[in-house]
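Data first, discussion second: the structure below is written as structure tokens.
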Protein chains: 2
Amino acid sequence: MDTNQPAIGRVFHALGDATRRAIVEKLSEGPASASRLAEPLGISLAAVVQHLQILEEASLVRTEKLGRVRTCSVHPAGLQMAAQWIADRRTLWERRLDRLADLLAESPPPEDETHEPEWLG
Amino acid sequence: MDTNQPAIGRVFHALGDATRRAIVEKLSEGPASASRLAEPLGISLAAVVQHLQILEEASLVRTEKLGRVRTCSVHPAGLQMAAQWIADRRTLWERRLDRLADLLAESPPPEDETHEPEWLG
DNA sequence: AAAATGGTGAAGCATACACTTGACTGTAGG
DNA sequence: CCTACAGTCAAGTGTATGCTTCACCATTTT
């Protein structure tokens, strides 16, 4: 779709790829260089670096180049954003269920003339 | 990549699309029919249904057909899985930082002959 | 019954994506 | 200096994705 997505979109898109998740998982255990990340993945270094770029743009990974080696580590910001988005949805959804429960509990079958529940209209 | 991804992959991939996130956001406020979801999105009904299929396969949305209308609602399982994966990464990563802090605190500069930190080798 | 509504299925299309390869650049070491 | 290493750049390739359109089916509504 759009390469110019909002931040949260970049995060989810980045995590949607198995290889990139594998990279994040590896980096959760500690920093590593690009070529070291490539080893167990069975793909070319160039491909790994492309993934790293995407992960970096999603604030999921931070990389720093010292000498000729680029060292990568996890960057909490991206995961934080994803967690927040999920938490927000969950809050909204639970709040709605609570309201619904309240209505059903407080008012026993009120003379409801509507043909559909209001949340469908 | 692979269309036959593990569950967590399907979840993140599903949430990587702005339109699908919009659908989940809408459904967080309450159930809705497919055509009702399509209205504000500015795309065809067919496209929306395709998105719904993906969301359903990712356990992010549940749909039920009554009469000729398919009613959709959020399904917590998908969000739960995503939240769990994130939490797991975060735990691992924090645990590692703690260990590192412990090492630095307990042992003041020990005669370290290595040229690189062990986690890079 | 006829028309409208809500949805399904399949084909087609343009773009995005994950990779590869090959040519190059900069940094270490022998 | 010269070779090896770690990474970068730029094409190029096959497949997946998001979307459309059109034909078609099943339920309402009039």
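In what follows, chains carry the letters A, B, and so on, assigned in the order in which the sequence lines appear, proteins first and then strands, with residues in each chain numbered from 1. Quick caveat: nothing in here was measured; it's all calculated off a predicted structure.
A:Arg36 has no side-chain polar atom (N or O) that falls below the 4.0 Å cut-off from OP1 or OP2 of D:dA6. Put simply, A:Ser35 has no side-chain N or O that comes within less than 4.0 Å of OP1 or OP2 on D:dC5. Using a 4.0 Å cut-off, no side-chain N or O of A:His13 falls inside it from OP1 or OP2 of C:dA16. Proximity of B:Thr19 to the phosphate of D:dG18: no side-chain N or O atom is located under 4.0 Å from OP1 or OP2.
Across all strands, A:Ala47 comes closer than 4.0 Å to base atoms (heavy-atom distances). Here A:Ser44 lies in heavy-atom contact (under 4.0 Å) with a base.
To the nearest angstrom, P of C:dC19 lies 14 Å from CD of A:Gln53. Straight-line distance from the CG atom of A:Leu45 to the P atom of D:dA4: 18 Å, rounded to whole Å. Protein atom CG of A:Leu41 is 13 Å distant from nucleotide atom C1' of C:dA18, rounded to whole Å. A straight line from CD1 of B:Ile43 to P of C:dA14 spans 19 Å, rounded to a whole angstrom. Taking atom CG of A:Leu55 as the reference point, atom C1' of C:dA18 lies 13 Å away to the nearest angstrom. Distance NE2 (A:His51) to P (D:dT8): 15 Å, rounded to an integer number of Å. B:Arg70 places its CZ atom 9 Å from the C1' atom of C:dT8, with the value rounded to the nearest Å. Between the P atom of D:dT17 and the CG atom of B:Leu52 lies a distance of 17 Å, rounded to the nearest Å.
In this structure, the separation between CD1 on A:Ile86 and CG on B:Leu15 is 7.0 Å, given to the nearest 0.5 Å.
Between B:Val69 and B:Ser33, the closest side-chain pair of non-hydrogen atoms falls below 4.5 Å. In this structure, the side chains of A:Leu92 and A:Arg89 come closer than 4.5 Å at one or more pairs of heavy atoms.
For DNA chain C, the residues of residues 57-69 of chain B within the heavy-atom distance limit of 4.0 Å (strictly under) are B:Lys65, B:Arg68, B:Val69, sorted by number.
Each of A:Ala46 and B:Ala34 has a nearest nucleotide on DNA chain C; the 5'-most of these lies closest to B:Ala34.
Under 3.5 Å, the side chains of A:Glu25 and B:Trp85 contain a donor-acceptor pair of N or O atoms. Under the 3.5 Å distance criterion, with hydrogens and angles disregarded, a donor-acceptor pair is assigned to the side chains of A:Thr63 and A:Arg70.
Residue-to-nucleotide contacts include a donor-acceptor pair under 3.5 Å from the side chain of A:Gln50 to the base of C:dT20.
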> Run the side-chain contact (heavy atoms from CB on, under 4.5 Å) check on A:Cys72 and A:Leu52 step by step: do they pass?
Replying inline: CA-CA 8 Å; A:Cys72 319; A:Leu52 284 172; 3.7 Å; yes
>> Go through it in stages, so that I can follow the logic: the residues are A:His51 and A:Asp17, the test is side-chain contact (heavy atoms from CB on, under 4.5 Å), and I'd like the CA-CA distance, side-chain angles, deciding distance and then a yes or no.
In response: CA-CA 9 Å; A:His51 282 306; A:Asp17 180 88; 3.6 Å; yes
